[in-house]
S.K.: 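Take this structure first; my questions come after.
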There are 2 protein chains.
Amino acid sequence: MSDMATQTRRPLADDIVRELKIEIRDGVHPAGARLPTEADLCRRFGVSRATVRTALKELDVLGLIRTQQGAGTFVRTRPAVRDGLERMGSITESIRRSGKEPGHEYGRRTLRQVLPDEAERMGVPSDTEALELRRRVTADGDVVAYSYDVIPRGLLPAAFDPEELSGSLFAYFETELGIHPTLGLAKVHAVSSAHIAWGPDAAKHRLFVLLDQLHYDDDHRLLAYCKTYFVEGSYEFQLVRTA
Amino acid sequence: MSDMATQTRRPLADDIVRELKIEIRDGVHPAGARLPTEADLCRRFGVSRATVRTALKELDVLGLIRTQQGAGTFVRTRPAVRDGLERMGSITESIRRSGKEPGHEYGRRTLRQVLPDEAERMGVPSDTEALELRRRVTADGDVVAYSYDVIPRGLLPAAFDPEELSGSLFAYFETELGIHPTLGLAKVHAVSSAHIAWGPDAAKHRLFVLLDQLHYDDDHRLLAYCKTYFVEGSYEFQLVRTA
DNA sequence: ACGCTTCGAATTGTCTGACAACTTCGGCGC
DNA sequence: GCGCCGAAGTTGTCAGACAATTCGAAGCGT
């Protein structure tokens, strides 16, 4: 039995969450500021207080706001460094944000059955068919990571040509498949091996930070199993830890 | 301005969350099973449906349950690991949670001025006095991490004897100083070096995951600068990444 | 003018009851 | 057996009310 989401009409509270998230991100409600009262939000969105409170509860659990009885609801002050390792996101995007030009070199695209250890980590039957990708990610031409990705065949279009896949994997998911990765379960390891790297610079790369990661979407549907080996020193991992 | 939580009576919903979390973890409600209906939970906890729904909403956002209108509330099949690396916490505690007995061996306790690179990373004047600690953290006797910690002298009691420090650093902060670390800014690196380890097992330890981390409390006051070298393979790093 | 107390308005937390939307399941006709 | 249908059960939303708490303004004494 799986967590399949039989489609139903989107709850009203979700719209409010989406809206307020954007406003907080864009500074309509700056850090520390008080949000409109629940009554105000009711009027604005034309819903009952129960619905508004459902939305606020979600933002609360997500750590974006803090409610205080008698005083109001406030936007949490965020640490200066945002977009750390704890946030999902395309490697490509983070490279671009750092001011460099991202690139992808695909080394192999193979349709095959998942390997036994992959099946176990992914939690899928061992006869699952999947697409294996082998890529190098570059920033301004320098290799910053080697990635081995396994994507269940079921997610891909019936008529799928591996060759059409290029560039960012996240971008392909978003734009071509309409799939939005929102959750990642990662294990972090240090790896020293000569068998990871390939290509002209392989000899230089012996020490890696390995992100052994499962990607999911909103409904906890498994999207991909990615083992990304970041070349130590060429990629900055920030991580914000909270109590 | 900080997110200080002026203490108020604990909301009822929090108790319900705590209770249900335990029951889900302990298998009272197995993965995929349907939870008692909201009406049932109302009767059981003696609260209104609004309060029960607040609690369920939190478990929903945390990824532990899934609600389906008309059908019921179900325990998610993927018991989301929600105590990953992104959560602050004592290493000692996480070792204890994994069922092993934590230990600490202090190698050096020195009062000295911060080094130039430390001062820069910590954002303090270069003449700041600090306590340097050198420790090994063990689980069931096996070394799992080597830690080099720098603590500003100003945080410690006027009459401070380095020798009184033993066991968990977090525990000392909490119980002895009344300081509660709530925020950590960490950088993650892979390190391969013979100069990190010391003691009888030093020769076996050459590959480490380095957590280069600044600890803060509620008011963004710097508590410690800790470089913790986790012996690769002996410590499991989980990380939950969200969009 | 300054500090202190008191009080009431404002705001979130909880309660009660009801209806709407949706799922499930069994009965019924074919 | 198969499909349609409706009733019962469950979550989503609404409305109104009161309790608990916070905050500032008004009033008071010094």
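Numbered from 1 within each chain, the chains take letters A, B, ... in sequence-line order. Model, not experiment: these values are computed from the prediction.
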S.K.: Please report the closest heavy-atom contact between B:Leu223 and B:Phe173, naming both atoms and the distance.
M.R.: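 Shortest heavy-atom contact: O-CZ, 3.9 Å.
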S.K.: Rounded at 0.5 Å granularity, tell me how far NZ in A:Lys227 sits from NZ in A:Lys187.
M.R.: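 Those atoms lie 11.5 Å apart.
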S.K.: What integer distance in Å separates B:Arg66:CZ from D:dG12:C1'?
M.R.: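 Interatomic distance, CZ of B:Arg66 to C1' of D:dG12: 16 Å.
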S.K.: Does A:Arg121 pair with A:Glu118 as a salt bridge, N-O distance under 4.0 Å?
M.R.: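 The answer is no: the pair does not qualify as a salt bridge.
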S.K.: Rounded to the nearest Å, what distance is computed from the CZ atom of residue A:Arg34 to the C1' atom of nucleotide C:dT12?
M.R.: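 Taking CZ of A:Arg34 and C1' of C:dT12, I get 11 Å after rounding.
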S.K.: So, is B:Thr51 near the phosphate of C:dC15, with a side-chain N or O under 4.0 Å from OP1 or OP2?
M.R.: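 So the side-chain polar atoms of B:Thr51 do come within 4.0 Å of the phosphate oxygens OP1 or OP2 of C:dC15, strictly under.
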S.K.: When the distance from CZ of B:Phe45 to C1' of C:dC15 is rounded to whole Å, what number comes out?
M.R.: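 From B:Phe45 CZ to C:dC15 C1': 17 Å.
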S.K.: What's the CZ-P distance between A:Phe74 and D:dT22, to the nearest Å?
M.R.: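 It is 11 Å, rounded to the nearest whole Å.
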S.K.: Any side-chain N or O of A:Thr67 under 4.0 Å from OP1/OP2 of C:dT11?
M.R.: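 No, A:Thr67 has no side-chain N/O under 4.0 Å of OP1/OP2 on C:dT11.
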S.K.: In whole angstrom, give the distance that lies between atom CG of A:Asp14 and atom P of D:dT13.
M.R.: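 So the two atoms are 8 Å apart, to the nearest Å.
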S.K.: Quickly work out the A:Arg43 CZ to C:dA10 C1' distance and round it to whole Å.
M.R.: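 A:Arg43 atom CZ is separated from C:dA10 atom C1' by 12 Å.
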S.K.: D:dG12, C:dT23, C:dT12: which one has an atom nearest the side-chain heavy atoms of B:Arg53?
M.R.: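 In terms of side-chain proximity for B:Arg53, the closest of D:dG12, C:dT23, C:dT12 is D:dG12.
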S.K.: Using the side-chain heavy atoms of B:Gln69, tell me which of these nucleotides is nearest: C:dA21, C:dT16, C:dT11.
M.R.: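 So the nucleotide nearest the side chain must be C:dA21.
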S.K.: Output the single nucleotide from C:dT11, C:dC15, D:dT10 whose closest atom is nearest the side chain of B:Ala50.
M.R.: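 Between C:dT11, C:dC15, D:dT10, the one nearest the side chain of B:Ala50 would be C:dC15.
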S.K.: Within this structure, what is the CD-to-P distance between A:Glu38 and C:dT14, rounded to whole angstrom?
M.R.: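 Whole-Å distance recorded here is 11 Å.
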S.K.: Do the side chains of B:Pro152 and B:Met122 get nearer than 4.5 Å, heavy atoms only?
M.R.: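 Of all side-chain heavy-atom pairs linking B:Pro152 with B:Met122, at least one is under 4.5 Å.
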S.K.: I want to confirm an ordering. Mapping B:Gly72 and A:Thr54 to their closest nucleotides on DNA chain D, which one lands closer to the 5' end?
M.R.: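 Looking at the nearest nucleotide for each, B:Gly72 comes out on the 5' side.
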S.K.: Give the ring-plane orientation class for B:Phe230 versus B:Tyr235, where under 30° counts as parallel, over 60° as perpendicular and anything between as tilted.
M.R.: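 Because their plane-to-plane angle lies in the 30° to 60° range, the rings of B:Phe230 and B:Tyr235 count as tilted.
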S.K.: When you measure from the side chain of B:Ala71, which nucleotide among C:dT24, D:dT13, C:dT11 comes out closest?
M.R.: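 Closest nucleotide among those given: C:dT24.
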S.K.: Taking only side-chain N and O atoms of A:Arg49, does any of them lie within less than 4.0 angstrom of OP1 or OP2 on C:dT14?
M.R.: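 The answer is no; no side-chain N or O of A:Arg49 sits under 4.0 Å from OP1 or OP2.
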S.K.: Take the protein atom CG of A:Leu12 and the nucleotide atom P of D:dA15, then report the distance between them rounded to whole Å.
M.R.: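 Going from A:Leu12 (CG) to D:dA15 (P), I get 12 Å.
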S.K.: Quick one: is B:Thr73 getting a side-chain N or O under 4.0 Å of the D:dT11 phosphate, OP1 or OP2?
M.R.: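 So the side chain of B:Thr73 is within the cut-off, an N or O lying under 4.0 Å from OP1 or OP2 of D:dT11.
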S.K.: With the side chain of A:Gln68 defined as its heavy atoms from C-beta on, choose the nearest nucleotide among D:dT21, D:dT11, D:dT22.
M.R.: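 Output: D:dT22.
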